[in-house]
Protein chains: 2
Amino acid sequence: MMITTKGRNALKVMLDLAQHDDGNPVPLADIAERVRESQKYLESTVSQLSQKGLITSTRGKSGGYRLSRPVSDYTVAEIITAAEGSLAPVSCVSGEVTCENACNCLSLPLWKELDEVIMNFLTSKTLADLLR
Amino acid sequence: MMITTKGRNALKVMLDLAQHDDGNPVPLADIAERVRESQKYLESTVSQLSQKGLITSTRGKSGGYRLSRPVSDYTVAEIITAAEGSLAPVSCVSGEVTCENACNCLSLPLWKELDEVIMNFLTSKTLADLLR
DNA sequence: ATTATTTCCTATCTTTATTATAGGAATTAT
DNA sequence: ATAATTCCTATAATAAAGATAGGAAATAAT
């Protein structure tokens, strides 16, 4: 599975934030209750979204999270990538791996194309699209 | 990762069989040596390809494996699916899982579309395409 | 018939990745 | 001061992937 619970949760949180944006920070406890996931588990995912600048956090009492940009500015690709680290369908194209046989591998061009197809699709979809 | 070593190996084996088809069955030991993978590990993958009818096995001395159809008749999608079981990018669309929230999930349509995009691409590529 | 070579089957082990929980430190509005 | 919140680190539990081992069954070649 290319997209795991972590990536799906990230998207759920972003959608929840979009739907409950009243100007005030939204506490994670509220989000967790609505999306029915353990707050503790969501913490790590949300923390990554925050570190990558996709959401803005406010600490302390009456703190929480807010989207940092308009919903139409977020692509699904960047949200999933922020949570999963990569959305490469095959390790060969994830950058981490170097295959000594790459230069004469008959499959590699296929994997690269596949990666592009997926990227193009997920980059074309914004958070706003999902809310419609 | 949606496509793992197993799926990549399946494709490697199919390509190797295509390139060494002289009418006689090709022993797995030969294939393993050429693609530089452990024969024992390849066995399970090759066995799946055989059971799904993608290749034909001949047992006993001077036995081995052969492609059962012309190379242009194999789509990459079916080869990977035979080896991996599924090539769904998200468990939500793999069939195995039933999510009680499916009916009002904002993300599900996206995952279904993504699955389609991937399927369309991998179904459009044949083994013959990779050999060119 | 015997033998060598091969696929086939089943079991198990190791390693890695994912999923999840726990405890508490730091921050800040009230 | 207090209560509510994010933030940080560690670790445990579960599942998936990757790999190995031993031997049974089949069959061509001798």
Side-chain angles (χ1 to χ4, degrees), chain A residues 1-10 12-13 17 23-33 35-66 68 80 83-92 94 96-97, chain B residues 1-10 12-13 17 24-33 35-66 68 80 83-91 94 96-97:
Chain A
M1 229 44 67
M2 185 175 61
I3 295 166
T4 69
T5 305
K6 207 156 192 181
R8 291 201 318 269
N9 280 349
K12 278 190 206 172
V13 167
L17 281 175
N24 300 311
V26 181
L28 187 56
D30 293 6
I31 302 175
E33 199 187 347
V35 307
R36 290 157 161 274
E37 300 285 343
S38 129
Q39 174 175 351
K40 274 296 184 187
Y41 187 38
L42 286 183
E43 267 184 13
S44 62
T45 303
V46 166
S47 150
Q48 284 177 269
L49 295 175
S50 172
Q51 271 169 34
K52 303 250 164 74
L54 301 206
I55 59 181
T56 305
S57 71
T58 310
R59 301 185 69 175
K61 192 162 184 181
S62 82
Y65 299 94
R66 265 168 307 179
S68 38
I80 304 298
E84 300 277 359
S86 154
L87 48 79
V90 188
S91 60
C92 312
S94 73
E96 348 161 302
V97 185
Chain B
M1 227 46 66
M2 186 174 62
I3 294 166
T4 69
T5 305
K6 207 157 192 183
R8 291 201 318 267
N9 280 349
K12 278 190 205 171
V13 167
L17 282 175
N24 300 314
V26 181
L28 187 56
D30 294 5
I31 302 174
E33 199 186 348
V35 307
R36 289 155 162 276
E37 299 287 342
S38 132
Q39 174 175 350
K40 273 295 183 187
Y41 187 39
L42 286 183
E43 267 184 12
S44 63
T45 304
V46 166
S47 150
Q48 284 178 268
L49 295 175
S50 173
Q51 271 169 33
K52 301 250 166 72
L54 300 206
I55 60 181
T56 305
S57 71
T58 310
R59 301 185 70 174
K61 191 160 183 179
S62 83
Y65 298 95
R66 265 169 304 179
S68 37
I80 305 298
E84 301 277 1
S86 154
L87 49 78
V90 188
S91 60
S94 72
E96 349 160 304
V97 185

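Basis for what follows: all heavy atoms, side chains included, without hydrogens, waters or symmetry-related copies. What you are looking at is a predicted structure, and each value in this text was computed from that prediction instead of being measured. Order of the sequence lines sets the chain letters (A, B, ...), proteins ahead of strands, with each chain counted from 1.
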Indicate, with a heavy-atom threshold strictly under 4.0 Å, whether B/G63 touches base, sugar-phosphate, or nothing.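 The answer is sugar-phosphate, as B/G63 gets under 4.0 Å only of primed atoms, P, OP1 or OP2.
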May I ask you to verify if any side-chain N or O of A/T5 is less than 4.0 angstrom from the OP1 or OP2 atom of C/dT19?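 Yes, A/T5 has a side-chain N/O under 4.0 Å of OP1/OP2 on C/dT19.
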Check whether any side-chain nitrogen or oxygen of B/S47 sits under 4.0 Å from OP1 or OP2 of C/dT7, and answer yes or no.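 No.
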Roughly how many Å is it from [atom1] in [X] to [atom2] in [N], rounded to a whole number?
X     : N      : atom1 : atom2 : value
A/L49 : D/dC7  : CG    : C1'   : 15 Å
B/Q48 : C/dC8  : CD    : P     : 13 Å
B/I31 : C/dT6  : CD1   : P     : 12 Å
A/L42 : D/dC7  : CG    : P     : 14 Å
A/Q51 : D/dC7  : CD    : P     : 8 Å
A/M2  : C/dT18 : CE    : C1'   : 16 Å
B/Y65 : C/dT5  : OH    : P     : 17 Å
B/K61 : C/dC8  : NZ    : P     : 18 Å

Measure from the side chain of [X], starting at C-beta and using heavy atoms only, and say which of [options] lies closest.
X     : options               : answer
A/Q39 : D/dT6, C/dT7, C/dT18  : D/dT6
B/Y41 : D/dA19, C/dT7, C/dA20 : D/dA19
A/L28 : C/dT28, D/dT6, D/dA17 : D/dT6

I need the A/S57 OG to A/L28 CG distance, nearest 0.5 Å.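 Between atom OG of A/S57 and atom CG of A/L28 there are 11.0 Å.
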Closest approach of B/G64 to B/P25 (non-hydrogen atoms, all atoms of both residues):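 In terms of heavy atoms, the two residues are closest at N-CB, 3.4 Å.
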Ignoring hydrogens and angles, are the base of D/dG18 and the side chain of B/K40 linked by a donor-acceptor pair under 3.5 Å?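 No, no donor-acceptor pair under 3.5 Å.
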Would you state whether a donor and an acceptor, one from the side chain of B/R59 and one from the base of C/dT7, lie under 3.5 Å apart?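 Counting by modelled atom types and ignoring angles, a donor-acceptor contact under 3.5 Å is found here.
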Between A/T58 and B/E43, name the one whose nearest nucleotide on DNA chain C is closer to the 5' end.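 This one resolves to B/E43.
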Of A/R8 and A/S62, whose nearest nucleotide on DNA chain C comes first from the 5' end?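 Looking at DNA chain C, the more 5' nearest nucleotide goes with A/R8.
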Does B/Q39, at its CD atom, have more than 12 non-hydrogen atoms belonging to other residues, nucleotides or ligands within less than 6.0 Å?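 Yes - once you tally the heavy atoms of other residues, nucleotides and ligands closer than 6.0 Å, there are more than 12.
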Please tell me if the side chains of B/T58 and B/R66 come closer than 4.5 Å, counting only heavy atoms from C-beta onward.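 A side-chain contact under 4.5 Å exists here.
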A/S68 side chain to A/G53 main-chain N or O, any donor-acceptor pair under 3.5 Å?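 Yes; judged by distance alone, with no hydrogens or angles, the pair exists.
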